Each structure stands twice: as C-alpha cells, then as structure tokens.
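Below you'll find the structure, written out as structure tokens, and then a few comments.
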Amino acid sequence: MAQKVADVLWKMLAEAGVKRCYGIVGDALNPVIDALRRNGEIEFIHVRHEEYGVFAAVAEAYLTGNPVVVCGTAGPGVVHLFNGLMDARKEGAAVVAIAGDVETTLIDTAALEELNPYKFFDTACLYVGRVVNPEQVRAVVTTAIMTAVVDKGPTLISIPGDIAASNAPDRSAHGFSIPAEPMLRPADADLKKLAEMVEAANKVTIFGGDGCRDARNEVLQLAARLKAPIGYSFRGKQWLEHDNPNAVGMTGLLGYGGAYKAIHGADLLLMLGTDFPFSEFLPGDNVKKVQIDKNPKHIGRRTAVDLALVGDVKTTVTALLAKVSNKADGTFLERHVAETKSFEELLHHYVTKGPQIKPIRPEFLAATLSELADDDAMFFADTGTACIWLSRHVKGGTNRRIFGSFSWASMANAAPNAFGAQLAFPGRQTIAVCGDGGFTMLGLGDLLTQVQRKSPVVQIILNNESLDFVNIEQQEAGIVPFGVDFKNPNFAKVAEAMGAKGIRIEEPGDVRAGLAEALAHKGGPVVVDAVVDPYALSLPAHVPFHVAQSFTLSLAKQVLNGKMDSVIKTIERNIRLI
Ligand SMILES: Cc1ncc(C[n+]2csc(CCOP(=O)(O)OP(=O)(O)O)c2C)c(N)n1
Ligand SMILES: [Mg+2]
C-alpha cells in the first residue's frame, strides 16, 4: 500500500523520539489514528478530556526532554487542548499537537466544527502549520518538531482528514534527526564585564531558576567561591536547594527563609536562568543586577538589569569561574543561612504539633509525605495551596522531582501531570497533591483512565471544601470571601466506586499510616481524601475568629506585598499565640 500523509507524520514523530500520543479520536482524525495504529511505534493514550492529555504530555515532555504528541479533533476537541497548550508554552514543554481539521473542500465555509487554527492557536503555539496539500507534509512536520524541541514549547499541525488519507509524495519519508541541546555562551567582552562586576562586589547573591537544571554543580561552585547565598524560584528549588550549604529558600508569594533579605541586601544579584514573574519581590536600583539566560526574552522583563548576558547557565558560569577569585568574608552568607534555619524552625511548628491538631494541618501532611516518599519520587502540585505546602515541606534530593503549572498557574494540572510522568517512568512513585477544586475540575473523569491502565498514581486531595487560595486572595484584597466554598463527596468512596483505591484521612493520627498505605499500593491508582484545615494559612483553630480573620488579612497582604520581614514576625507571633 502506498504511504499516506498520516504514515509519514507518525514515522517522523517516532524518529523524533515521540513515545506517546494523548487525546481523543474521531471525525477528521480517524485516518490519522488509523495510521498511528499501523505504525505501531507510538502508544495511543485515550483520555476522557483532551486537556488532561495535554497536562500529562507537558509533564512527560518536561521530565524526559522528548517531544510528546497530543491530539484532538476538529473544532471542539481541538479547543479542549488549548489550556494545556498554554501550559506547555509557559512551562517550556515540547508538545506537538495534531488537530483534526475539516476537509479541504470545506475550509473557510463556516462548516460544522471548523476552526481557523492560525487565529485560534496564535497565542499558545510557537508554530502552527496547516497541511492542505500532501507536498507540505515533510516540511510542516519537520518545522513543528524542530520548533517544539529546540525552542521548547508547543506547536500544532492542523490536518484535514482528506489530506491525512492521501498518498504521500515519495521523498517525504526521508531522514530526520533531532539535535542535542546546543551550548550558548556570551561574548568575551560581556564575560569580562561580568567578572569585573563580581570582583568589585562585596556581597553577591545568586537567584536561580529552572535554567539551572543542568548547572547545579557549577552554580554551587560559584556560590562557594563568592560566599554567596543562593535563593531560588519554585522551578529552581529542585536543582539548587538540596545538599547545598548556601541555600536560603524562596522568595515570592511562596517565599520562606532568608532569600528575600539576601536578594535585597546584596551589592550584586546574579539572576541565573530565571523568568521569575513577581517583579515586586526583586530589588530596585540599590542592588546591581545581572541576568543570564539562554532565552533573551527572559532578560530584563521583570526588572531592569545592569548587565544582560545571553547564554546557558552551565556554559556561562563555567566561563566565569575561570575569571573570579575567592571572596574571604563569609558574614553575609552566614547571616542569611542562619536566618533561613530559624525560619525553617518556625515553619516546622505545625509539622511537629501536627499529630495533635485537627483538622489536619496541610504542613504536617506534606512533611509526612516527604518523609515517607522514595528518594526518586516525583511530586506534582496543583495550582492552589498545594504549591505552598509542597514548596515548603517537601524535601528535594538528587533524583526527586517537583513539577506543576508554575509559570502558567492553571488549576487541575497535578493529577494529569503525575499520570504522564508515571507512563514515562513506570515503577517510580508519582504523587499528585491536588486541590479539591482542581481534582473535581479535571482529575476525576480521567481517574477512569488511570484505573483502566492500572497506573499507580497517588493523588492526595486537599479536601478543604474551598478554593482556598482564592479565599486568601480575596481576603488580601479586603473583600468578603465569595464564591469560594463548596461541598464535596467522600472522595475515597467515589474513587472506590470508580475502581481505584480510596483512603480517607480525617484524624491527624491517621496521616502517617494512610499515606504509607497509599504509597505502598501497587497495581493501580490511589485517591487519598485528606480532610485538611481550610484556615491553615491563618491561625490555629482555638484562636478567636475575629483574630483569625485579621491575621489572615494581614499575613496574605504582607506576603503579596513582598514584606517578608513582617511575615516572619507574624509567624513568630502566630506561634506564640498557641
Ligand atoms: C483553570 C483555572 N481557573 C481558575 C483559576 C484561579 N484559581 C487559582 S487557585 C484557585 C483555587 C484552587 O482551589 P483548589 O483546587 O480547591 O485548591 P486549594 O487552594 O483549595 O488548595 C483558583 C480558582 C486558575 N488558576 N485556573
Ligand atoms: Mg480546595
């Protein structure tokens, strides 16, 4: 049989290292999916909602570095991909979307399920190609894959059913290869300026992001030489925090430790591979700032910088190490490391008191989870309060990973992220900490997919019957919380009815055993329904309500306004109140 356009498509995707395609079939996609079946090299993962498939693909692509395919068909199914593709764009995941398209004879006739892919996906995708002639296939597919892999983001191939089923031109199938990550280094003149600035500064602080993922050793070496504290974004934490004597925690909305002060008290701030979005947490002109990033778009958009260097962190820091000398004075570093330790002790309060406090404190739940999980566990945080608890209480390690919708901040990412990670790394613990809002938004329907595939994903639901993060936001804005409460079923029973294992934890004394049972469960998904304190950020339960209210208001307001100093004090007082 002659090779069809869709055969060429899958052959090229398989050659590019694609292992899976997540999506829902139908209509215009039928000939595409028929070719996937014939090809046999790429596994099709039938999900119940296309968006769930994209979040799974984002985690797989981010964690493996391989491109991953998602698909949806004509109009509505394609629209369901959109939020996930935005996530891929912001998280930098190489996702290639295949969008079923109406027959070529119907294009631009307002046909049923017709969607203009260029207009619709312009915001989300780095490249959109529409294959309206078989001759285009090799060029369009090559561009979609290369752009996704090299520029790290989603691309989309829109393909009408009639074209997918057409014979491919003979030469279409020939040769395809993906380059390894190139090295990028700033010009010598810029490196010289950087070295001079570093040499001239007495107090240097490093603030690292996800761009440090391959550069941990180099960054730690630089910090040791400069006696520099290292702060990090949520995305940078997993690469820079563990086993690092210079670590000073995070700044920003989730901030803890000495990072905020170390960043503001420095003479020179080195921002390495970070697009940290919260400008209000970055210092003004009193601190000199250097930003190093391989993506020039990241540089200077959150804060004005004194020196902009385009280069990958590993190559640039390696080059810098050859040019800078040891700094003798370690007092700046010691001060901020000590501050970080005392902050951690304060934060630990709810962990140590955890077994006695009901409703269950999420801090205690997260810390116990961290203690029980494997050294190479992968954690996924839903957007919401899960990010606060995981960022503060889950300990990193060389092989531990933590991921979420950190840059796009969509709800409902964690369960599908964990599902995708489980498929890519079978046998490794994949743990999603989900909001009850997030889980019921997207996670619940596709729990059936996990059940069907016997995927051992552990999802822990923070059952606080509230959109708690928004509740905090609203109080911060000084408005009466509205539209944030809801009623939940017993998620453990729901999970059991769906064929998964369900564990309900209401008593703090049951947290350890419940989590241990969930982590030990093999052969299928687990849902832990953890009934947690919805006022966890505010106060212990026995403090009078009006105090609790104003406490929440002021704490949230201060965190959002970057006043970490007063937040530390507030937490101190909070603890004294107990
Ligand atoms: C798709 C989407 N809708 C709305 C929001 C705004 N939002 C951010 S966090 C949040 C609340 C999440 O609630 P839940 O999942 O229950 O987690 P909790 O904060 O209660 O732990 C909302 C509504 C969002 N980020 N994404
Ligand atoms: Mg909630």
Side-chain angles (χ1 to χ4, degrees), residues 49-55 58 79-91 123-124 234 252-254 277-278 350 359-366 369 379-394 403-418 431-447 459-477 479 481-491 494 504-506 527-538 552 555-556 559-560:
H49 192 303
E50 292 87 346
E51 185 178 329
Y52 190 94
V54 192
F55 279 116
V58 168
V79 168
H80 269 189
L81 299 172
F82 190 83
N83 188 44
L85 293 177
M86 281 304 301
D87 190 64
R89 172 94 185 229
K90 298 289 182 168
E91 305 308 322
T123 321
F234 202 172
L253 298 175
L254 310 173
F278 304 107
Y350 288 110
I360 294 163
R361 293 291 301 197
E363 297 93 328
F364 168 57
L365 185 87
L369 177 67
F379 298 86
F380 301 88
D382 250 354
T383 297
T385 64
C387 284
I388 304 172
W389 316 128
L390 291 197
S391 69
R392 293 179 173 182
H393 297 283
V394 166
F403 186 68
S405 183
F406 297 154
S407 300
W408 176 232
S410 172
M411 280 172 73
N413 57 287
N417 282 166
I431 304 163
V433 179
C434 307
D436 44 4
F439 188 62
T440 49
M441 178 181 272
L442 193 61
L444 201 49
D446 267 286
L447 181 60
Q459 34 250 300
I460 298 163
I461 318 303
L462 301 176
N463 186 344
N464 51 23
E465 300 206 311
S466 148
L467 302 172
D468 201 23
F469 200 80
V470 175
N471 184 28
I472 296 162
E473 266 176 12
Q474 291 181 342
Q475 292 182 66
E476 181 277 326
I479 55 178
F482 184 78
V484 289
D485 296 336
F486 48 81
K487 284 282 160 231
N488 283 330
N490 177 321
F491 287 117
V494 173
R504 178 141 167 125
I505 310 180
E506 293 176 8
V527 172
V528 177
D529 183 4
V531 182
V532 296
D533 187 355
Y535 298 105
L537 248 197
S538 47
T552 304
L555 183 72
V559 171
L560 292 167

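Counting convention: from 1, in listed order, for ligands and their atoms alike. Both backbone and side-chain heavy atoms feed into the values below; hydrogens, waters and symmetry mates do not. No experiment lies behind these values; they were computed from the predicted model shown.
- To the nearest 0.5 angstrom, I461 atom CD1 is 11.5 Å from R504 atom CZ.
- For atom 14 (P) of ligand 1, the closest heavy atom belonging to the protein is G437 N, 3.6 Å.
- By the 3.5 Å distance cut-off applied to N or O atoms, N83 is not counted among the residues near ligand 1.
- Of all protein heavy atoms, the one closest to atom 25 (N) of ligand 1 is A409 O, 2.8 Å.
- The closest heavy-atom contact to atom 8 (C) of ligand 1, among the options V470, L462, V484, comes from V470.
- Put simply, NE2 on H80 and CG on L85 are 13.0 Å apart, with the number rounded to the nearest 0.5 Å.
- If you run side chain to side chain contact (heavy atoms under 4.5 Å, CB included) between D436 and each of L462, N464, D468, V531, only N464 comes through.
- Applying the 4.0 Å criterion to heavy atoms of D468 picks out, from ligand 1, the atoms 18 (P), 19 (O), 20 (O).
- At a cut-off of 2.8 Å, D468 does not coordinate the Mg ion (ligand 2) through any N, O or S atom.
- In this structure, of L467, I472, D382, the residue bringing a heavy atom nearest to atom 11 (C) of ligand 1 is L467.
- Just one residue in the list D382, L369, L365 forms a side chain to side chain contact (heavy atoms under 4.5 Å, CB included) with V433, and that residue is L369.
- Between F234 and F406, the ring planes are parallel. Angles under 30° get that label, and only those over 60° would be called perpendicular.
- Considering both main-chain and side-chain atoms, G438 comes within under 3.5 Å of ligand 1 through a nitrogen or oxygen pair.
- Separating the NZ atom in K90 from the OG atom in S405 is a distance of 10.5 Å, to the nearest 0.5 Å.
- Considering backbone and side-chain N/O atoms, F469 comes within less than 3.5 Å of an N/O atom of ligand 1.
- Across N488 and N463, no two heavy atoms sit closer than the pair ND2-OD1, 2.8 Å.
- Two residues are said to be in side-chain contact when any heavy atoms from C-beta on lie closer than 4.5 Å; Y350 and F364 fail this criterion.
- In N464, the part holding a heavy atom less than 4.0 Å from any atom of ligand 1 is the side chain.
- Of the N or O atoms in T385, one or more lie within a sub-3.5 Å distance of an N or O in ligand 1.
- With a cut-off of 2.8 Å, the Mg ion (ligand 2) has an N, O or S atom of N464 in range.
- The option from M411, E465, M441 that lies nearest to atom 23 (C) of ligand 1, judged by heavy atoms, is M411.
- Contact annotation: for A412 versus ligand 1, there are no heavy atoms closer than 4.0 Å.
- Atom 17 (O) of ligand 1 has as its closest protein heavy atom G435 CA, 3.5 Å.
- You'll find the side chain of I505 reaches within 4.5 Å of the side chain of V528, heavy atoms only.
- Residue-to-ligand polar distances keep A386 apart from ligand 1: every N/O pair is separated by 3.5 Å or more.
- For the atom pair CD1 of I460 and CD1 of I431, the computed distance is 6.0 Å after rounding to the nearest 0.5 Å.
- Looking at C434 against ligand 1, nothing comes within 4.0 Å, counting heavy atoms.
- The aromatic rings of F491 and F439 stand perpendicular to each other, their planes meeting at an angle above 60°, with 30° marking the opposite boundary.
- Inter-residue side-chain proximity for R89 and W408 is flagged as unmet; no heavy-atom pair is nearer than 4.5 Å.
- For the Mg ion (ligand 2), the nearest N, O or S atom contributed by D436 is named OD1.
- For ligand 1, the polar-atom distance check against D436 finds a nitrogen or oxygen pair separated by under 3.5 Å.
- A side-chain donor from one of S410 and N83 sits under 3.5 Å from a side-chain acceptor of the other.
- Here T385 fails the criterion, with no N, O or S atom under 2.8 Å of the Mg ion (ligand 2).
- Remark: ligand 1 atoms within the under-4.0 Å shell around heavy atoms of G384 are 19 (O).
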